[in-house]
Amino acid sequence: MKIACLFAALAASLVSAQELQQAAGVPYEVRHVQGNVYMFASTLGNIAIQVGKDPGHDGVLLVDTGPARLRNTILGEIRKLSSEPVRFMIVTSPDADHNGANEVLLKPASSRNFQTQSDIALFAQDNILQRFSRAGSGVPSDAWPTLTFLDEKSFAFNGEAIQIIAEKNAHTDGDSIVLFRGSNVIAAGDIFLTTGYPVIDVQRGGSIEGEVKALNHILDLTVPRSMQEGGTMVIPGHGRLCDEADVTDYRDMLTIIRDRVQDMLRKGKTLEEVQAARLSRDYDRRYSTSSWSGDMFVEAVYRSLKSK
Amino acid sequence: MIHAAFRVPLLLAILALAGAPAFAQRGMGFNPSGMWTAMYHEDELERTDPGAPVGDYLGIPINDDARLRADTWDGDLVSVLQHQCIPHAAPYAMRGPTGLKITTVNDPASGQIIAFIIDGSYTGPRTIWMDGRAHPSQFAPHTWAGFSTGVWEGDTLRIETTHIKAGYLRRNGIAFTDQATLTEFFDLHDKYLTLTTITEDPNYLTEPLVRTESWVWNPYQVFTPIAGYGSCLPVPEIPRPYGWVPHHLPGTNTVLQEFSSEYGVPFEASRGGAETMYPEYRKKLKQMVIPHAKVFEVQFEQEHQKKAPDSSGAKQ
């Protein structure tokens with residue numbers, strides 16, 4: 001064991017990682033993914049930023065607007081990438097950490113310190129508008145989607161085709177993924193995370209079947225460059241930049257845990273019995289967090305399957 | 001007698017000659033560039049064919065979580081489209097078939113070596129940066145080869161690798177996660193190159209896993225890369241349900257005992273764990289019931305048949 005500790009100490013001492021920038025105590029960086037797409041990555045979540053190369057014609061498109069506490073930093077970083085106005089925003093989830101700057105960006109140009117501003121469209125699955133506009137939602141009307149869709153919305157912007165695809169009942173009932181066809185990048189929202197298990201929010205229409213289906217759909221859209229690496233890059237809702245192999249690893253894990261829970265359900269086991277079996281334990285060290293533990297995830301899977 | 005006019009230039013020339021090798025090799029133990037042919041004298045059956053049997057976890061310091069992961073692994077996974085072209089990742093790659101070609105990347109201005117490229121493994125070319133650059137941030141993508149930096153420690157090249165995609169430590173389901181890191185040491189003994197690899201995984205290993213591999217210098221080696229662009233294209237060979245992921249439910253894998261009974265290894269030992277790495281474990285083994293090894297039974301039978309006189313009477 002002493003030798004083990006020595007090795008660990010030696011290994012830790014020589015590796016220096018690239019330093020991240022800090023905003024409000026949150027580490028972040030802006031990373032060029034490929035083509036027109038950049039990733040604002042922080043420990044609070046990720047945003048995809050698409051910028052055009054033709055001044056006066058193109059603009060900026062955002063997938064999610066990030067948490068409210070980072071909005072000034074995010075807007076500042078967008079300005080470093082492009083002086084063109086933000087013209088489109090797409091929201092992949094109803095969660096607050098994906099919608100924190102909606103309101104600011106949708107306000108008149110004068111208050112945003114941005115350049116000339118035509119209409120900004122905020123796309124989202126229709127369920128998000130319904131959820132935001134409910135009495136007591138707490139979401140100001142300035143932050144609501146201005147354009148909604150049920151299944152899919154496609155348009156061209158910044159010289160490439162963009163597809164927004166509703167992934168029904170995955171993390172919630174309002175999830176979407178965004179495919180930048182020219183840049184060969186997918187923004188997956190909270191359907192795919194590298195920081196933990198997906199938060200299957202059964203109360204808001206999420207389900208394990210929808211989650212697995214959405215991941216399989218992402219795998220249908222991705223094409224690796226070679227040896228199951230590179231090619232279509234996938235920006236997760238939280239965590240590091242990924243490709244098809246990483247999504248495959250995540251899909252496999254969720255499928256395996258779903259099958260284990262399903263098997264116990266078929267045998268008539270209760271939630272307590274399912275949890276006592278610790279069906280996710282081979283993945284818990286990697287994916288269980290204090291805010292969304294393996295037990296919580298398995299309970300959500302159980303409830304989701306039970307309600308079918 | 002050297003003329004005074006020549007003394008100073010001569011002295012400078014001697015100093016320059018003496019200093020040149022020191023400058024050229026500053027901080028560098030040896031130059032591993034060249035062709036290296038793999039030697040499989042260590043763990044040959046595991047590293048080549050047939051590969052490690054299912055249920056053989058001996059000598060790997062896995063925890064219970066990794067053990068469950070391996071117990072529920074199904075070899076049919078490689079038939080899934082997204083798995084067909086997955087190569088060995090860095091913690092395993094150098095153990096596979098690896099006739100190496102090692103080259104350098106030189107700074108065009110100074111001529112200094114800024115990286116070594118190690119090619120020949122299933123992972124494909126692997127770059128070891130020698131210019132002191134930092135590893136990427138936590139948001140950077142992971143690759144099968146990972147991101148490697150090297151430093152010379154005397155005559156040993158020490159390599160640190162991070163940002164590795166999740167993969168396997170043994171080709172029978174013993175997995176490592178994407179949080180695993182590698183520390184490696186290249187040493188040269190005459191014409192033999194030895195790599196010592198230390199794998200650490202905070203999720204699946206209770207202690208570092210230490211393994212070694214060796215190569216022999218072979219300038220006549222015909223180098224054929226076994227990984228590269230377009231070298232693998234997934235093909236649906238067997239009809240499978242959409243999104244199918246083969247695996248065994250916990251407690252249902254019926255072949256886990258096979259390694260133990262085939263090779264005469266106590267089942268408890270076959271389950272692996274840190275203690276099975278150390279020589280002291282032999283004392284514990286002596287307290288266990290050793291099953292009869294069926295594999296040797298078959299082998300002896302085959303050898304016996306070879307030695308038996310041919311029934312036709314024909315001379316060999």
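No hydrogens, no waters, no symmetry mates; every other heavy atom, side chains included, goes into these values. Note that the structure is a prediction, hence the values are computed from the model and not measured. Letters A, B, ... are given to chains in the order of the sequence lines, protein chains preceding strands, and every chain is numbered from 1.
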Review point. Which region of B:T149, side chain (C-beta onward) or backbone (N, CA, C, O), has a non-hydrogen atom less than 4.5 Å from a non-hydrogen atom of chain A, or is it both or neither?
Key: neither
Practice item. For residues B:Y242 and A:D220, report the shortest heavy-atom separation together with the two atoms involved. Key: OH-OD2, 2.5 Å
Review point. Which atoms of A:L20 come close to chain B, meaning under 4.5 Å heavy atom to heavy atom: side chain ones, backbone ones, both, or neither?
Key: side chain
Exercise for review: Name the member of A:S42, A:P236, A:P224 that forms the most heavy-atom pairs with chain B at distances under 4.5 Å.
Suggested key: A:S42
**Study point:** Pairwise side-chain contact, B:P250 with A:M264, heavy-atom cut-off 4.5 Å (strictly under)
**Key:** no
Review point. Atom OG1 of B:T72 and atom CZ of A:R260: how far apart are they, to the nearest 0.5 Å?
Key: 4.5 Å
Point to revise | Which atom of B:P202 lies closest to which atom of A:R285, heavy atoms considered | key: O-CD, 4.3 Å
Check your understanding: What are the two closest non-hydrogen atoms of B:G243 and A:R251, and how far apart are they?
Key -> CA-NH1, 4.0 Å
Exercise for review: Taking all non-hydrogen atoms of both residues into account, name the closest pair between B:L249 and A:D259 and its distance.
Suggested key: CD2-O, 3.9 Å
Review point. With a 4.5 angstrom heavy-atom cut-off, which part of B:H247 approaches chain A: side chain, backbone, both or neither?
Key: side chain
Point to revise | Rounded distance (nearest 0.5 Å) linking atom CD of A:E229 with atom CH2 of B:W144 | key: 7.5 Å
Review point. What heavy-atom pair brings A:A17 and B:A134 nearest, and what distance separates the two atoms?
Key: C-CB, 4.1 Å
Exercise for review: Measure A:T43 against the heavy atoms of chain B and call it side chain, backbone, both or neither at under 4.5 Å.
Suggested key: both
Check your understanding: Less than 4.5 Å apart, any side-chain heavy atom of A:M227 and any of B:T123?
Key -> no
Point to revise | B:A66 versus chain A, the contacting section by heavy-atom distance below 4.5 Å | key: neither
**Study point:** With B:D64 via salt bridge (Lys or Arg N to Asp or Glu O under 4.0 Å) - residues at least two apart
**Key:** B:R67
Study note, to complete from the structure: To the nearest 0.5 Å, atom CG of A:L219 lies from atom CG of B:L81 at 10.0 Å
Point to revise | Worked verdict on B:T162 versus A:V15 for side-chain contact (heavy atoms from CB on, under 4.5 Å) | key: CA-CA 9 Å; B:T162 58; A:V15 175; 4.2 Å; yes
Review point. Under 3.5 Å, is there a donor-acceptor pair linking the side chains of B:N203 and A:Y287?
Key: no
Check your understanding: Among B:T143, B:L77, B:L182, B:V80, which has the most heavy-atom pairs under 4.5 Å with chain A?
Key -> B:T143
**Study point:** Whether A:E29 side chain and B:F139 backbone form a donor-acceptor pair below 3.5 Å
**Key:** no
Practice item. Measure distances from A:D252 to the heavy atoms of chain B and classify the residue's part below 4.5 Å as side chain, backbone, both or neither. Key: both
**Study point:** Under the salt bridge (Lys or Arg N to Asp or Glu O under 4.0 Å) test, residues paired with B:D76 that sit two or more places apart
**Key:** B:R240
Revision key, fill the gap. Of the listed B:A274, B:P246, B:G132, B:A140, the one with the largest count of heavy-atom pairs under 4.5 Å with chain A is B:A140
Revision key, fill the gap. Correct closest heavy-atom pair for B:Y204 and A:Y283 would be OH-CD2, 4.2 Å
Exercise for review: Side chain from CB out, backbone as N, CA, C, O: work out which of these in B:H163 comes under 4.5 Å of a heavy atom of chain A, or both, or neither.
Suggested key: neither
Practice item. Would you please go through residues 237-250 of chain A and name the residues with a non-hydrogen atom below 4.5 Å from one of chain B, in numerical order? Key: A:G239, A:R240, A:L241, A:D243, A:E244, A:A245, A:D246, A:T248, A:D249
Revision key, fill the gap. Of B:P61, B:P141, B:P136, the largest count of non-hydrogen pairs under 4.5 angstrom with chain A goes to B:P141
Check your understanding: When rounded to the nearest 0.5 angstrom, what distance separates CG in B:D201 from CZ in A:R286?
Key -> 10.0 Å
Check your understanding: What residues, two or more places apart in sequence or in another chain, satisfy salt bridge (Lys or Arg N to Asp or Glu O under 4.0 Å) together with A:D151?
Key -> A:K168
Review point. Within the distance-only criterion (no hydrogens, no angle test), does the side chain of A:Q228 pair as donor or acceptor with the backbone N or O of B:Q82 below 3.5 angstrom?
Key: yes
